[in-house]
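Beneath this line is the structure, given in structure tokens, with notes to follow.
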Amino acid sequence: MADLKEIMATGRRKCAIAVVKLVKGKGRIFVNGKKLADYIGNMPSVEMMIYRPLVLTENQDKFDVRVKAVGGGIVAQAAAIRHAISRALLKSNEEYKTVLKAEGLLTRDARVKERKKYGRKRARKRFQFSKR
């Protein structure tokens, strides 16, 4: 266990960026100053996604998590938070690497929206073709 008062890490997904501080506590998560449930609303699957690294490493009631999330939508921010929490837990204890890596929580999901091309409706969609 690292002898630090707080452990910081950054996670990313699409355009969303999350900076996480892990502090010894009771398992509460605050995102941009709000409780997690208030921030994401009624989305239990997204809430479970965020708690996944803490549950796998059995730390759900040992750390308080403070998050600053910007960019993207709620789900992209949730994935960025999950990535950041995983990286912070890895800093706290190197033994978590096998568990977190097996679940794919340490991998940054680099897929982003493809840019719009000129002469097209979107990135790949074309305008309707008219023969006559």
Side-chain angles (χ1 to χ4, degrees):
M1 199 77 166
D3 295 331
L4 302 170
K5 292 192 180 204
E6 58 185 35
I7 302 157
M8 290 186 71
T10 305
R12 293 182 180 88
R13 166 77 166 96
K14 289 187 178 180
C15 294
I17 300 170
V19 179
V20 161
K21 280 185 192 174
L22 280 186
V23 186
K24 289 208 182 292
K26 299 176 182 167
R28 296 171 297 191
I29 297 180
F30 297 97
V31 182
N32 295 344
K34 298 178 183 177
K35 290 181 182 173
L36 178 63
D38 296 336
Y39 187 77
I40 62 170
N42 187 23
M43 301 170 106
S45 60
V46 173
E47 199 170 334
M48 284 172 39
M49 181 172 80
I50 291 172
Y51 275 104
R52 188 88 180 120
L54 294 167
V55 171
L56 284 172
T57 57
E58 297 171 3
N59 286 312
Q60 61 264 42
D61 53 353
K62 294 177 185 160
F63 290 108
D64 279 352
V65 182
R66 301 203 180 282
V67 184
K68 182 177 178 265
V70 292
I74 294 292
V75 176
Q77 284 184 2
I81 293 167
R82 180 180 68 177
H83 186 225
I85 290 172
S86 301
R87 291 174 78 178
L89 286 169
L90 189 63
K91 282 184 183 178
S92 74
N93 190 346
E94 284 290 323
E95 294 171 8
Y96 296 146
K97 187 169 185 171
T98 53
V99 178
L100 294 171
K101 196 167 175 89
E103 288 288 319
L105 299 176
L106 297 174
T107 306
R108 193 257 203 245
D109 191 349
R111 295 175 295 169
V112 293
K113 188 171 180 175
E114 192 175 334
R115 79 170 202 83
K116 183 193 176 300
K117 305 335 183 276
Y118 56 86
R120 304 266 174 100
K121 207 172 179 90
R122 293 195 298 263
R124 297 183 185 212
K125 185 173 179 165
R126 290 155 166 84
F127 292 106
Q128 185 172 344
F129 176 74
S130 174
K131 200 167 194 175
R132 289 175 192 84

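Nearest approach of Arg13 to Arg108, heavy atoms of both residues: CA-NH1, 4.0 Å. Residues Tyr96 and Leu90 share a closest heavy-atom pair of C-CD1, 4.4 Å. In terms of heavy-atom proximity, Val75 sits nearest to Met49 at O-CE, 3.9 Å. Between Val67 and Val65, the shortest heavy-atom distance links the atoms CG2-CG1, 3.7 Å. Residues Ala84 and Thr10 come closest through the heavy atom pair CB-C, 3.8 Å. Residue Gln77 comes nearest to Gly71 through the heavy atom pair NE2-O, 2.9 Å, listed as atom of the first residue, atom of the second, then distance.
With a 4.5 Å cut-off on side-chain heavy atoms, Phe63 and Ile85 do not count as touching. Residues Lys35 and Ile29 form no side-chain contact, since every pair of their non-hydrogen atoms from C-beta on lies 4.5 Å or further apart.
Under a hydrophobic clustering in which Ile, Leu, Val, Met, Phe, Trp and Tyr are joined whenever their side-chain heavy atoms come within less than 4.5 Å, directly or via other members, Val23 and Val31 fall into different clusters. At a threshold of 4.5 Å between side-chain heavy atoms, the hydrophobic network of Ile, Leu, Val, Met, Phe, Trp and Tyr places Leu56 and Met48 in two separate groups. Connection of Ile50 to Leu106 is established within a shared hydrophobic cluster, with ILVMFWY side chains joined at heavy-atom distances below 4.5 Å, either directly or through further cluster members. Under the 4.5 Å side-chain heavy-atom criterion for ILVMFWY residues, a single connected hydrophobic cluster contains both Tyr51 and Val46.
In this structure, CZ in Arg28 is found 12.0 Å from CG in Asp61, a value given to the nearest 0.5 Å. The structure places NZ of Lys21 at 12.5 Å from CD1 of Ile7, a figure rounded to the nearest 0.5 Å. Rounded to the nearest 0.5 angstrom, Phe30 CZ and Asp64 CG are separated by 6.5 Å. The structure places CD1 of Ile81 at 8.5 Å from CD1 of Ile74, a figure rounded to the nearest 0.5 Å. For the atom pair CG (Leu105) and NE2 (His83), the distance works out to 9.0 Å, reported to the nearest 0.5 Å. The CG atom of Leu54 lies 10.5 Å from the NZ atom of Lys62; values are rounded to the nearest 0.5 Å.
The neighbour count for Arg122 CZ, taken as heavy atoms of other residues, nucleotides or ligands under 6.0 Å away, does not exceed 12. The 12-atom threshold is exceeded at CE of Met8, counting heavy atoms of other residues, nucleotides or ligands nearer than 6.0 Å. Around CG of Asn42, the count of heavy atoms belonging to other residues, nucleotides or ligands within 6.0 Å does not exceed 12.
A donor-acceptor pair under 3.5 Å links the side-chain atoms of Lys116 to the main chain of Arg120, judged by distance alone.
Residues satisfying the salt bridge (Lys or Arg N to Asp or Glu O under 4.0 Å) criterion with Lys117, sequence neighbours excluded, are Glu114.
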